[in-house]
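Everything below concerns the one structure shown next.
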Amino acid sequence: MKKTKLLNALKVNGGKGISLFILMILLCLQSKPGICQEPPPDEGTGPRPFGMSGRLGLTSEAYTVNGIEGRRPPGMGQVNLTTNFNLLGLQSGINLLYNTDDNQLRQSMNQFHFHGTWRWLTLSAGTVSPRFSKYSISGVTVTGGLLEINPGWFSLSLTGGRSQRAVSFSDEPGFREPAFERWLYAGRMGFGKKGRTEFAITGLYAYDVIESIDETGDMLPSENLSLTPELRLSFLDGSLILESNVTVSAFTRDRQSEDIDLGDTEIPEFISDQYTPKRSSRIDYAGEISGQVSAGPIRLNGLYERIQPGFRSMGLGQIRSDQELYRFRSQVRMFRGRANLSATFSQGQNNLLETRISTMNRQQLGTNLMLRFSQSVNLMLSYMRLTNENSPVDPDHPAAGGLHQKQISQNFMLTPTFVIVSENISHTISLTGAYQVLDDESLMVNNGDRQPVGFTNYTAGTSYGISLPSGLSFNLSGNFLHNDAQQSTASGHSLNVSSGYAFFDKKLNLNLSFGWARNGIEFTRILDEEEEAGSLMQGYVRENYPNKNNGFLEGEYVVRQYSHQYTLNLSTTYRLPNGNPIRLNIRGLTSIPGQEDGREFNEWHAVLRYDHRF
């Protein structure tokens, strides 16, 4: 029955993607060199005036599930194409990504990118990802172009295009969130040598197109203008590096709000003609200064970062404003690299302008030690302490007791690894042990007004692997977890067995693994007079404590919930006569609950991929 569902899912897998995949497989299985095989190498050793290389990847996915809502589309096809050309010193290439799951209900998944490079000039068109500065433009894709000029002491980068397509409101299942069409233009000019001493300045202008969608709802069309000066100083051949990076951003929340009369201000006309401040506009900044010192086996670096409340840049994917951070890191290598000791300390807070009723302070302290006793024995030890404290600005505030929250988390980890090689047989043994504790030192807990929310967590894991000269490998691993909290106890066990073998002179590689896991939780519930234990606890294993009204009214009950998961993973790779690999991965998951009203489900996911290099 499960095989039938999987085959049916493969049949309905994204029409165009499947058809294209099957067509390319049939073509590439042919033996004609002109289609998918590399042509014979040229005779002679002289330079070639023209060269071409690349990779074509074709992927088809099938998915089926019963018992729960699907977590991915039932079928999908994807094409990845990367090509590189070389013509008399001119290097260029094309990157293509096409996915059949793309639709107009969200931002596009498909990409097309062309780039050409000649000496110190690079031109890109299509889908580009400019990264000019950390707080100005980084992490967004632009459908347009990118020009980069870098002759050595001078660099110039220019980009422009659409960074977001319009998405209207919809009730269809694939809809995520509405969006205006957004256009972005940015440039970066630098003087000096990248990676050494350099001064650069980045400018960005972005805006939402008001008329791009009909129903805006609560959305407002925005506009953004920012300027970012950057400075990097390198001394002693890179042993000492100092950097600063500050972005000043003028962000307009609503382009349709009333204009501000600039009057006799000294703002240059070329800026005021392009960007007109509105009643909803505000200016904020974000930046950091950092330093790094390298002296033989010792490396030290420090950083100070500040992001003003309300700071936004339309050239970033996401950023958390109202943050201040101090961070220090150190690393020491000892005994010719056999020991590596590192440490980290950071201190951060929000509420920089004291506009909130409470302030969150975060402090993190960590250290890590890696020891290599021999080629066969390695040991890693680590410790991490994290403190989160939310304190009221006014200690006399009526809700000061509830506003104060303080949790301290500590984590200890020990991981020894053993590698034993004897007579072409390799054994690998790995052990992991971790202890984590969360203490609640909030004011109400210390005063006895509420129960703490802390917990104690134990985890352990072990794995053993063996590789034989015949190509046979075997792995066995197990994991254990136990968590004690104030009102609940959770535990988990897992076991995984896998094996692999290479057939036909290693042309066919097969890996098969089976896994089992049991996860459970036990917690208490208190019933009031209007609740009945039978209806509330139906399907659960329950036990009543003595002297609790016969266990049915105003009682405290122990509720146990658990489930078993069984997994199957099949991975196989076959190298065709033309040298190209074709891969098949099948993953199956079955979850069986331990209570009557739990949700049992079966999930299967198959991926077929073909890669051709030329």
Side-chain angles (χ1 to χ4, degrees), residues 107 130 132-144 158-169 176-189 201-230 245-287 306-324 350-356:
Q107 297 302 313
F132 293 172
S133 61
K134 180 178 179 179
Y135 303 104
S136 175
I137 174 170
S138 178
V140 298
T141 56
V142 177
T143 304
L158 300 172
T159 188
R162 189 186 69 184
S163 63
Q164 186 174 277
R165 72 179 178 185
V167 178
S168 300
F169 287 89
R176 292 186 179 176
E177 60 182 12
F180 287 100
E181 181 179 308
R182 178 172 296 173
W183 288 79
L184 178 149
Y185 304 91
R188 182 185 187 275
M189 182 182 297
I201 187 166
T202 299
L204 173 141
Y205 174 67
Y207 67 93
D208 290 336
V209 179
I210 301 175
E211 304 83 5
S212 58
I213 59 176
D214 297 329
E215 299 181 13
T216 59
D218 296 332
M219 285 200 326
L220 299 174
S222 303
E223 188 178 19
N224 184 212
L225 177 67
S226 69
L227 194 65
T228 305
E230 300 176 68
N245 173 15
V246 180
T247 296
V248 179
S249 175
F251 182 81
T252 299
R253 187 169 55 91
D254 184 7
R255 291 187 62 198
Q256 303 175 100
S257 58
E258 183 182 353
D259 294 349
I260 295 179
D261 186 8
L262 300 178
D264 298 329
T265 58
E266 299 180 357
I267 297 179
E269 291 186 4
F270 74 91
I271 295 181
S272 60
D273 291 343
Q274 185 67 37
Y275 180 83
T276 302
K278 308 281 186 178
R279 293 294 178 185
S280 62
S281 301
R282 64 178 299 168
I283 298 178
D284 290 298
Y285 71 88
R306 184 181 177 97
I307 306 175
Q308 284 293 101
F311 174 86
R312 290 189 61 182
S313 175
M314 297 172 73
L316 303 179
Q318 290 183 348
I319 188 171
R320 179 184 296 178
S321 63
D322 194 12
Q323 299 291 320
E324 184 180 53
N350 63 1
N351 197 21
L352 303 184
L353 301 181
E354 296 188 355
T355 56
R356 309 185 184 204

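Nothing here was measured: the structure is a model prediction, and the numbers come from that model.
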Is any side-chain heavy atom of [Y] closer than 4.5 Å to one of [X]?
X: V167; Y: Q107; answer: yes
X: R182; Y: L184; answer: no
X: I213; Y: M219; answer: yes
X: D208; Y: E223; answer: no
X: P221; Y: V209; answer: no
X: P130; Y: V142; answer: yes

Without swapping roles, check the side chain of S280 against the backbone of S257 for a donor-acceptor pair under 3.5 Å.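 Checking the backbone N and O of S257 against the side chain of S280, no donor-acceptor pair under 3.5 Å is found.
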Quick one: does any side-chain atom of Q164 pair with a main-chain N or O of F180 as donor and acceptor, under 3.5 Å?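 Yes; judged by distance alone, with no hydrogens or angles, the pair exists.
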Give the C-alpha distance, both sets of side-chain angles, the deciding distance and a yes or no for side-chain contact (heavy atoms from CB on, under 4.5 Å) between R356 and D322. CA-CA 11 Å; R356 309 185 184 204; D322 194 12; 3.1 Å; yes
For D259 and K278, run side-chain contact (heavy atoms from CB on, under 4.5 Å): C-alpha distance rounded to whole Å, both residues' side-chain angles, the deciding distance at 0.1 Å, then the answer. CA-CA 4 Å; D259 294 349; K278 308 281 186 178; 2.4 Å; yes
Does [atom1] in [X] sit with more than 12 non-hydrogen atoms of other residues, nucleotides or ligands closer than 6.0 Å?
X: M189; atom1: CE; value: no
X: R165; atom1: CZ; value: yes
X: R306; atom1: CZ; value: yes

Gap between atom [atom2] of [Y] and atom [atom1] of [X] - 0.5 Å precision:
X: T159; Y: I137; atom1: OG1; atom2: CD1; value: 5.5 Å
X: E324; Y: Q308; atom1: CD; atom2: CD; value: 9.0 Å
X: S136; Y: R188; atom1: OG; atom2: CZ; value: 10.5 Å
X: E181; Y: I210; atom1: CD; atom2: CD1; value: 12.5 Å
X: T141; Y: R162; atom1: OG1; atom2: CZ; value: 9.5 Å
X: L158; Y: F132; atom1: CG; atom2: CZ; value: 7.0 Å

Measure the acute angle between the ring planes of Y207 and Y185, then classify it against the limits of 30° and 60° as parallel, tilted or perpendicular.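 If you compare the ring of Y207 with that of Y185, the planes turn out parallel.
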Could you please spell out the steps behind the side-chain contact (heavy atoms from CB on, under 4.5 Å) verdict for M314 and S163? CA-CA 9 Å; M314 297 172 73; S163 63; over 6 Å; no
Heavy-atom closest contact ([X] atom, [Y] atom, distance):
X: F311; Y: T247; value: CE1-O, 3.8 Å
X: I307; Y: R320; value: CD1-O, 3.6 Å
X: A250; Y: I283; value: CB-CG1, 4.0 Å
X: T252; Y: S281; value: OG1-OG, 2.6 Å

Using distance alone, with no hydrogens and no angle criterion, decide if S249 and N224 have a side-chain donor and acceptor under 3.5 Å apart.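 Yes.
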Please step through side-chain contact (heavy atoms from CB on, under 4.5 Å) for the pair N245 and Y135, ending with a clear verdict. CA-CA 8 Å; N245 173 15; Y135 303 104; 3.8 Å; yes
